[in-house]
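Here the structure is laid out as structure tokens; the discussion comes afterwards.
In what follows, residues are counted from 1 in the order of the sequence shown.
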Amino acid sequence: MRFAIVTPVLNGEKFLDQSILSVVSQTGPFTIRYHVQDGGSKDRTLEILAAWKSRLARDFPVFCEGIEFSFASAPDRGVYEAINRGFAPCAYADADAMAWINADDRFEPGAFATVEEIFRGFPDIDWVTGRTTIISETGPMQCMPPPIYAFPRKAIAAGIFDSRFAPPCIEQEATFWRPRLWQKAGGVDPNFRIAGDFDLWRRFARHTDLVTVDAILGCFRVRAGQLSEDVAGYRAEIDASLSPAEIETRDKAAKRYARAGFDYRVLVRYYRGPWLCQRWPMCIAPIFGTKAFKAEHWRLTIMGWFANKSSG
């Protein structure tokens with residue numbers, strides 16, 4: 001299996017080493033084509049990238065089947081243009097899985113091996129995301145990941161996951177997809193400044209389900225000065241991208257989500273067993289609203305545990 005991974009960066013010297021390390025230290029039966037696209041940094045970013053290229057070409061310990069690393073630097077219009085540029089050197093159409101990781105975030109150990117196992121075992125799955133996980137500026141997790149969030153396909157396509165209409169957002173650094181889905185959707189729109197991933201998820205959802213994996217795949221770092229601090233700008237950009245008809249559809253989907261009226265796909269495994277792809281209802285008692293799907297998660301987990309014990 002082959003991963004195509006991109007990191008867009010601009011003046012990212014503080015955390016860039018950690019992000020790169022989280023890619024090149026992945027272990028498993030796959031190769032990694034990794035490209036870092038710089039937007040014209042004025043700090044030590046290019047020096048760091050040159051050091052990594054030299055290190056990986058010499059004696060850096062590699063625990064997968066091979067890593068091909070490259071970087072380039074040129075002015076761009078923003079992070080999403082950098083991502084599109086970055087995937088071009090990766091020949092992503094020849095890959096089996098794609099993702100991007102920002103220069104201050106990180107993948108978790110075992111993330112690529114988990115995705116490899118899932119994509120190999122479930123050829124109908126084109127798009128997965130892990131449990132939402134947030135780390136502080138210095139690196140530790142801020143809290144334990146919550147139970148599996150419900151990301152129903154119709155709700156994603158309607159655009160409710162911006163934390164106004166539903167609590168969670170789809171975590172970009174924990175999301176992987178097949179190249180065929182990227183090609184169907186047309187890639188990320190470089191005209192966005194902040195909400196390009198939100199727009200991409202909506203277009204992905206027009207084609208297939210997002211499947212949530214009961215595992216930690218990546219971590220979003222909360223730090224001072226990051227683009228995501230501009231919550232008002234993020235939401236304004238989303239609203240401006242929607243037509244009046246799409247806003248009406250979003251409102252209807254938000255009301256349905258609040259009534260827990262959707263189901264969604266998850267990948268779970270019980271006590272070292274195989275991955276199981278299941279379709280869960282949001283909750284067993286819709287009158288209790290969105291909080292109730294957490295109870296449903298635990299109910300199904302307990303049922304799986306008892307089923308496993310009975311069969312053992």
Problem - Donor-acceptor contact below 3.5 Å, side chain D162 vs main chain R164 - result: yes
Handout entry: Sequence neighbours excluded - salt bridge (Lys or Arg N to Asp or Glu O under 4.0 Å) pairs with any residue from residues 170-182
Key = D126-R178, D126-R180
Fill in the blank from the handout: Tightest non-hydrogen contact, residues S19 and N102, listed as OG-O, 3.3 Å
Exercise for the section: Treating Ile, Leu, Val, Met, Phe, Trp and Tyr as nodes and any side-chain heavy-atom pair under 4.5 angstrom as an edge, say whether L56 and F112 lie in one connected cluster. Expected result: yes
Problem - No-hydrogen, no-angle side-chain donor-acceptor test under 3.5 Å, D214 and W275 - result: no
Practice task
For the pair D105 (side chain) and F220 (backbone), establish whether a donor and an acceptor sit closer than 3.5 Å, ignoring hydrogens and angles.
Solution key: no
Problem - Lys/Arg-Asp/Glu bridge criterion (N-O < 4.0 Å) met for E137, K14 - result: yes
Practice task
Check the hydrophobic clustering (I, L, V, M, F, W, Y; side-chain heavy atoms under 4.5 Å; chains of links allowed) and say if W100 and F69 are grouped together.
Solution key: no
Exercise for the section: Measure from NZ or CZ of R279 to the centre of the six-membered ring of Y264, then state whether that distance is under 6.0 Å and the direction lies within 45° of the axis. Expected result: no
Practice task
Identify whether the distance between the nearest side-chain nitrogen and carboxylate oxygen of E246 and R250 falls below 4.0 Å.
Solution key: no
Practice task
Classify the side-chain pair R131/T212 by whether it contains a donor and acceptor separated by less than 3.5 Å.
Solution key: no
Problem - I135 with L21, same ILVMFWY side-chain cluster at under 4.5 Å - result: no
Problem - Same apolar cluster: I125 and F30, side chain cutoff 4.5 Å - result: yes
Completion exercise
Looking only at heavy atoms, the pair that brings Y257 and P152 closest together is CE1-CD, 3.8 Å
Exercise for the section: Output yes when R235 and E237 qualify as a salt bridge under the 4.0 Å nitrogen-oxygen rule, no when they do not. Expected result: no
Problem - N/O donor-acceptor pair under 3.5 Å between D96 side chain and R2 backbone - result: yes
Problem - Donor-acceptor pair between Y34 and T7 side chains, under 3.5 angstrom - result: yes
Handout entry: No-hydrogen, no-angle side-chain donor-acceptor test under 3.5 Å, S241 and R202
Key = no
Problem - Test log, rule side-chain contact (heavy atoms from CB on, under 4.5 Å), inputs Y92 and Q183 - result: CA-CA 10 Å; Y92 64 84; Q183 291 174 314; 4.0 Å; yes
Handout entry: Positive for ring pair (Phe, Tyr, Trp, His ring centres under 6.0 Å) with W177, one of F204, F119, W127
Key = F204
